[in-house]
Structure formats: C-alpha cells, structure tokens
Amino acid sequence: MAELVSMMNIGREMAKKLDSVGICSAEELIRMGAQQAFLKLKDRYPNVCLVHLYALEGAVCGVEFNTLSEGRKRELKEFSDFLKR
C-alpha cells in the first residue's frame, strides 16, 4: 500500500480501497489501467465517482489529475456515464 500512496493523486484512503480489490502495487495499477481499476472499485464501492477515475488516470500517467487533457477527460466521462446505464 505504501507504494500506491507514493503515486500521484493516490492518498491513503484510495490506496486502501485499491488494496481491498486486489490492486496492491503501482505496477499492478499501471498494468491494469485506470478504467479497469475503476471498474473493480465501482463494483465494491458504488459511490466512487468520475473524480476517482480522473485520479486513477493521473496516477497511471504520473500527472496531477487536473492536468489531464480535455479530450482524455471527455473520454473518461463517457466511460463513467456508460457505467451508469
């Protein structure tokens, strides 16, 4: 979990949630990708939201989530919206 907390945008609470769904390292998160990790989180924690997805994407890319491109944010929002259907 300590390794996850060292990633950009991943706080202690997010690291605990990731660990609880079997994502225990930065390498696993990067390999899995933000969207697949979000699906696992959403299954266990239905209240995770678009901001969590942005944070995961930022962590995978090594950037602050608020610096993601508008195009990528739009793609992630479409993915999140699709899951609500």
Side-chain angles (χ1 to χ4, degrees):
M1 188 173 81
E3 182 184 355
L4 285 168
V5 174
S6 69
M7 295 180 79
M8 188 85 58
N9 309 310
I10 304 295
R12 193 171 243 351
E13 192 63 34
M14 175 72 91
K16 284 181 187 178
K17 287 179 179 176
L18 288 168
D19 190 60
S20 76
V21 297
I23 304 169
C24 305
S25 71
E27 183 179 281
E28 287 178 81
L29 176 56
I30 291 167
R31 184 172 26 88
M32 179 174 288
Q35 290 172 296
Q36 290 303 312
F38 184 74
L39 285 173
K40 288 186 130 205
L41 288 173
K42 193 78 169 158
D43 188 48
R44 180 139 189 198
Y45 303 98
N47 291 331
V48 295
C49 66
L50 181 60
V51 175
H52 293 95
L53 180 55
Y54 288 167
L56 290 167
E57 180 71 11
V60 167
C61 296
V63 299
E64 290 285 343
F65 75 90
N66 56 0
T67 65
L68 294 170
S69 73
E70 290 304 314
R72 186 59 180 146
K73 286 181 187 176
R74 188 172 38 261
E75 291 170 356
L76 294 170
K77 182 171 182 346
E78 288 171 5
F79 175 76
S80 177
D81 288 349
F82 175 77
L83 296 177
K84 294 176 186 175
R85 296 181 195 155

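Below, each value reflects all heavy atoms present in this structure, side chains not excepted, and no hydrogens, waters or symmetry copies.
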Practice task
Taking the side chain as every heavy atom from C-beta outward, state whether Gln35 and Leu76 have any atom pair closer than 4.5 Å.
Solution key: yes
Practice task
Would you check if Met14 and Leu41 make a side-chain contact, meaning some heavy-atom pair closer than 4.5 Å?
Solution key: yes
Exercise for the section: Kindly indicate, with the supporting measurements, whether the criterion side chain to side chain contact (heavy atoms under 4.5 Å, CB included) is fulfilled by Ile30 and Met7. Expected result: CA-CA 10 Å; Ile30 291 167; Met7 295 180 79; 4.1 Å; yes
Completion exercise
side chain to side chain contact (heavy atoms under 4.5 Å, CB included) with Ile23: of Lys17, Gln36, Glu28, only one passes, and it is Glu28
Handout entry: Shortest non-hydrogen contact from Asn9 toward Ala59
Key = ND2-N, 3.3 Å
Show the atom names and distances, to 0.1 Å, of all donor-acceptor pairs under 3.5 Å that link a side chain in residues 43-52 to residues at least two apart or in another chain.
unit_1: Arg44; atom_1: NH1; unit_2: Ser20; atom_2: O; d: 2.7
unit_1: Tyr45; atom_1: OH; unit_2: Ser20; atom_2: OG; d: 2.8
unit_1: His52; atom_1: ND1; unit_2: Cys49; atom_2: N; d: 2.9

Handout entry: Any residue meeting salt bridge (Lys or Arg N to Asp or Glu O under 4.0 Å) with Arg72, in chain and number order, not counting sequence neighbours
Key = Glu57, Glu75
Completion exercise
Closest heavy-atom pair, Asp19 versus Cys24, reported as atoms and distance to 0.1 Å, is OD1-SG, 3.1 Å
Handout entry: Least distance between heavy atoms, Tyr54 atom then Lys73 atom
Key = OH-O, 3.4 Å
Handout entry: Nearest atoms (heavy-atom pairs only) where Leu53 meets Ala34
Key = CD1-O, 3.8 Å
Handout entry: Val5 with Leu56, same ILVMFWY side-chain cluster at under 4.5 Å
Key = no
Practice task
Spell out, yes or no, whether Phe38 and Met8 are grouped together once hydrophobic residues are joined by side-chain heavy atoms under 4.5 Å, including indirect joins.
Solution key: no
